[in-house]
Structures are given as C-alpha cells and as structure tokens.
Peer 1: 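Mind having a look at this structure? Questions to follow.
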Amino acid sequence: FYVLEKITMKILTSSYTLDLAGVPTFTKTFFDEVKKRGDEIKVFSPLGGRLESEMEVIKDIKTSDFVPDVIISQHNNCAEILKGHFPTIPHIFYSHGLLPEIEQPPTFICDFYFAINTEVRDNLISKGVDKNKIAIIRDFVDLEKFKSIKPINKKLTNVLFISNYKKWKNFKIITEGCKINNLNLKCVGAPYGRSKDIAKDINES
C-alpha cells in the first residue's frame with residue numbers, strides 16, 4: 001500500500017492592526033490552529049500591536065521572501081496590498097462586519113469570500129459579490145483555552161461586562177442593576193481597558 005505524505009500548506013493572512021480588538025484576536029486563534037495542524041502561516045499587519053509578538057508577523061510585504069500557496073486576507077486595505085504584491089496567488093477575502101469600511105469587499109474580484117454570519121454574507125452580495133463564491137464561517141474560539149476551570153458560582157455575585165463599544169444605555173442599565181443587587185461588576189473592553197486574557201476574566205467571574 002501507499003502512505004500519502006501530508007503536504008504542508010503555506011498560508012498568508014492579514015489584519016491591519018494586532019491590538020486586542022476582535023479581528024486581531026480572531027487572527028491569533030486562527031494562527032494557533034493552523035500551526036497546530038502542521039501548516040505554515042504568517043500574518044501581514046502593517047501596524048502590528050500587542051499581539052504581534054505571539055505570531056509570525058510581516059509588516060512590510062515588499063521586504064519578505066515568504067511566498068504563500070493561498071492568501072486569506074482580512075481588512076480590505078491589506079487585501080489590496082497583498083493582491084498587488086501577489087497578483088496570481090489564490091485569494092480569499094474574509095469579512096467580519098457590516099459597517100466598518102475596512103470590512104467591505106476589496107475593489108478586485110477575489111477567488112472566494114468568507115463571511116462571519118448571514119448578515120455579512122448579505123452585505124457582500126449587496127456590494128456585488130457573487131453569492132456562489134461566499135461561504136459562511138462563523139466566529140470560533142479555542143476550546144482548550146475557553147473552558148471552565150472551576151465550578152460555576154451557585155449564587156450570583158459577579159458580573160463581567162465585555163464590550164469594545166462606548167458606554168451606551170445597556171452599560172448604564174447593567175451598572176444600576178449591579179448596584180441595586182449588590183453585585184460585583186467588572187468591565188473589560190476598549191472604553192474600560194482591554195483584557196489580554198478574556199478566558200481568565202470569565203473564569204474569575
């Protein structure tokens with residue numbers, strides 16, 4: 001019989017920044033999983049950020065000798081740069097949101113598109129993307145990291161509020177509710193201070 005040898009794939013993905021926001025943390029999870037499976041992956045990120053040291057990052061694609069088998073770009077400004085540098089490499093664009101300009105499809109036609117949910121898929125279609133070239137790949141987490149490490153409290157005592165949005169009405173309602181019920185409130189996210197270990201925050205709460 002024949003033993004088929006695993007072919008290692010070289011993947012290039014991107015994120016304009018690598019701070020502690022949604023797409024950068026998603027990128028870190030994606031990067032770790034690809035490495036775990038034995039493939040090679042690098043991240044193109046012009047601005048970098050706090051997560052930069054945890055991945056293999058390329059800041060200037062023109063100075064890199066890495067040639068990928070496939071590009072899975074995130075953020076349309078990165079997609080444009082990578083398409084210009086690798087015009088013939090198969091290119092997938094991954095859109096994670098409806099409203100941000102950076103999440104809209106790039107000006108060129110990609111070989112394929114990923115959408116984080118049905119709303120994002122519909123937005124891509126409304127922008128002229130062929131619906132037959134879109135697959136929905138929903139947000140995912142590392143279940144080895146996001147898991148319970150102690151029993152859930154039998155009595156509600158702690159509330160963890162996670163948001164990268166401004167302190168809107170829902171924040172005021174939660175704050176007042178916690179005061180009325182004498183609950184400990186912890187807030188993490190852009191307006192309150194980003195957390196580098198959300199899994200730890202969840203378990204502590």
Peer 1: Under a single-linkage definition using a 4.5 Å side-chain heavy-atom cutoff for Ile, Leu, Val, Met, Phe, Trp and Tyr, are F140 and V23 assigned to the same hydrophobic cluster?
Peer 2: no
Peer 1: Please check if any side-chain donor atom of D39 sits under 3.5 Å from a side-chain acceptor atom of T8, or the reverse.
Peer 2: no
Peer 1: Salt bridge check: are K179 and E176 linked by an N-O gap of less than 4.0 Å?
Peer 2: no
Peer 1: Looking just at side-chain N and O atoms, do E204 and N158 make a donor-acceptor pair shorter than 3.5 Å?
Peer 2: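 Not at all, the side chains of E204 and N158 share no donor-acceptor pair under 3.5 Å.
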Peer 1: Taking N164 for the side chain and G189 for the main chain, is one N or O donor matched with an acceptor at less than 3.5 Å?
Peer 2: no
Peer 1: Between atom CG of N117 and atom CD of E119, what is the distance when rounded to the nearest 0.5 Å?
Peer 2: 4.5 Å
Peer 1: Looking only at non-hydrogen atoms, find the nearest pair between V120 and A115 and report the distance.
Peer 2: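 In this case the closest contact between V120 and A115 is CG1-CB, 3.8 Å.
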Peer 1: Between the main-chain N or O of A21 and the side-chain N or O of D19, is there a donor-acceptor pair closer than 3.5 Å?
Peer 2: yes
Peer 1: Would you give the length of the straight line joining atom CG of D201 to atom SG of C187, rounded to the nearest 0.5 angstrom?
Peer 2: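 Taking CG in D201 and SG in C187, the distance rounds to 11.0 Å.
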Peer 1: Does K200 NZ have over 12 foreign heavy atoms under 6.0 Å away?
Peer 2: no
Peer 1: Please say whether more than 12 non-hydrogen atoms of neighbouring residues, nucleotides or ligands are located less than 6.0 Å from CG in L183.
Peer 2: yes
Peer 1: Tell me which one of L98, N123, L99 satisfies side chain to side chain contact (heavy atoms under 4.5 Å, CB included) with Q104.
Peer 2: N123
Peer 1: Report yes if the side chains of E80 and L82 come closer than 4.5 Å at any heavy-atom pair, otherwise no.
Peer 2: no
Peer 1: So, D32 and K28, do they make that salt bridge, N to O below 4.0 Å?
Peer 2: yes
Peer 1: Just by modelled atom types, is the T25 backbone N or O under 3.5 Å from a matching donor or acceptor in the T29 side chain?
Peer 2: yes
Peer 1: Could you check whether any side-chain heavy atom of P68 comes within less than 4.5 Å of a side-chain heavy atom of I11, counting everything from C-beta outward?
Peer 2: no
Peer 1: Minimum heavy-atom separation for D111 and P90, please, with both atom names.
Peer 2: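 That closest heavy-atom pairing would be OD2-CA, 3.4 Å.
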Peer 1: Taking C-beta and beyond as the side chain, do T118 and I136 meet within less than 4.5 Å on heavy atoms?
Peer 2: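 Yes, close enough: below the 4.5 Å cut-off.
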Peer 1: Check whether any side-chain heavy atom of I198 lies under 4.5 Å from a side-chain heavy atom of L160, and answer yes or no.
Peer 2: no
Peer 1: Ignoring hydrogens and geometry, is there a side-chain-to-backbone donor-acceptor pair from T13 to I72 under 3.5 Å?
Peer 2: yes
Peer 1: Quick one: do K35 and E56 make a salt bridge, cutoff under 4.0 Å?
Peer 2: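 Here K35 pairs with E56 in a salt bridge, since their nearest N and O are under 4.0 Å apart.
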Peer 1: State, with a plain yes or no, whether a side-chain heavy atom of P46 is found less than 4.5 Å away from one of C78.
Peer 2: yes
Peer 1: Take a 6.0 Å sphere around CZ of F30 and say whether it holds more than 12 heavy atoms from other residues, nucleotides or ligands.
Peer 2: yes
Peer 1: If I take atom CD1 from residue I58 and atom NE2 from residue H85, how far apart are they, to the nearest 0.5 angstrom?
Peer 2: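 The CD1 atom of I58 sits 8.5 Å away from the NE2 atom of H85.
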Peer 1: Would you call F161 and N170 a side-chain contact if the rule is heavy atoms closer than 4.5 Å?
Peer 2: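 Side chain of F161 against side chain of N170, heavy atoms only: contact under 4.5 Å found.
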Peer 1: What are the two closest non-hydrogen atoms of F66 and E40, and how far apart are they?
Peer 2: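 It is CE1-OE2, 3.5 Å.
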Peer 1: Which atom pair, heavy atoms only, marks the closest approach of R50 to S53?
Peer 2: O-OG, 4.2 Å
Peer 1: Measuring from S15:OG to F44:CZ, what's the distance to the nearest 0.5 Å?
Peer 2: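 Going from OG on S15 over to CZ on F44, the span is 10.5 Å.
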Peer 1: Side-chain heavy atoms nearer than 4.5 Å, only ILVMFWY residues, links allowed to pass through others: does that put L124 and I92 together?
Peer 2: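 Different clusters.
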Peer 1: Let me confirm one number: the CD1-CD1 distance from I81 to I61, rounded to the nearest 0.5 Å.
Peer 2: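 Nearest 0.5 Å value for the CD1-CD1 distance: 9.0 Å.
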Peer 1: In terms of hydrophobic clustering (I, L, V, M, F, W, Y; side-chain heavy atoms under 4.5 Å; direct or indirect links), are V57 and L47 co-clustered?
Peer 2: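 Unlinked, V57 and L47 end up in two clusters.
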Peer 1: If you look at every heavy atom in S163 and Y192, which pair is closest and at what distance?
Peer 2: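 Taking every non-hydrogen atom into account, O-CE1, 3.7 Å.
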Peer 1: Determine whether F26 and I71 fall in the same hydrophobic cluster, where Ile, Leu, Val, Met, Phe, Trp and Tyr are linked whenever their side-chain heavy atoms lie under 4.5 Å apart.
Peer 2: no
Peer 1: Please step through side chain to side chain contact (heavy atoms under 4.5 Å, CB included) for the pair I41 and M55, ending with a clear verdict.
Peer 2: CA-CA 9 Å; I41 181 171; M55 292 174 272; over 6 Å; no
Peer 1: Below 4.0 angstrom, N of the basic side chain to O of the carboxylate: do E54 and K196 qualify?
Peer 2: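 So E54 pairs with K196 through a salt bridge.
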Peer 1: Does a side-chain heavy-atom distance below 4.5 Å link M9 with V70?
Peer 2: yes
Peer 1: Decide yes or no on side chain to side chain contact (heavy atoms under 4.5 Å, CB included) for H75 and H96, but give the supporting numbers first.
Peer 2: CA-CA 9 Å; H75 296 149; H96 293 266; over 6 Å; no
Peer 1: What distance separates S205 OG from N184 CG, expressed to the nearest 0.5 Å?
Peer 2: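 One finds 9.0 Å between OG of S205 and CG of N184.
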Peer 1: Taking ring pair (Phe, Tyr, Trp, His ring centres under 6.0 Å) as the criterion, tell me which of F112, Y113, F114, F108 meets it with H91.
Peer 2: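 Only match with H91 under ring pair (Phe, Tyr, Trp, His ring centres under 6.0 Å): F108.
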Peer 1: What pairs of residues pass the salt bridge (Lys or Arg N to Asp or Glu O under 4.0 Å) test when at least one of them lies in residues 125-143, not counting sequence neighbours?
Peer 2: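 Of all non-adjacent pairs touching residues 125-143, none passes salt bridge (Lys or Arg N to Asp or Glu O under 4.0 Å).
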Peer 1: Could you state whether V43 and V34 fall into the same hydrophobic cluster, counting links through intermediate Ile, Leu, Val, Met, Phe, Trp or Tyr residues with side-chain heavy atoms under 4.5 angstrom apart?
Peer 2: yes
Peer 1: Please answer whether the main-chain N or O of I137 pairs with a side-chain N or O of Y94 as donor and acceptor at a distance below 3.5 Å.
Peer 2: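 Yes.
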Peer 1: Is there side-chain contact between Y16 and S45, with at least one heavy-atom pair below 4.5 Å?
Peer 2: no
Peer 1: If every non-hydrogen atom of F93 is compared with every non-hydrogen atom of C110, which pair is closest and at what distance?
Peer 2: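 Result for this residue pair: CB-SG, 3.7 Å.
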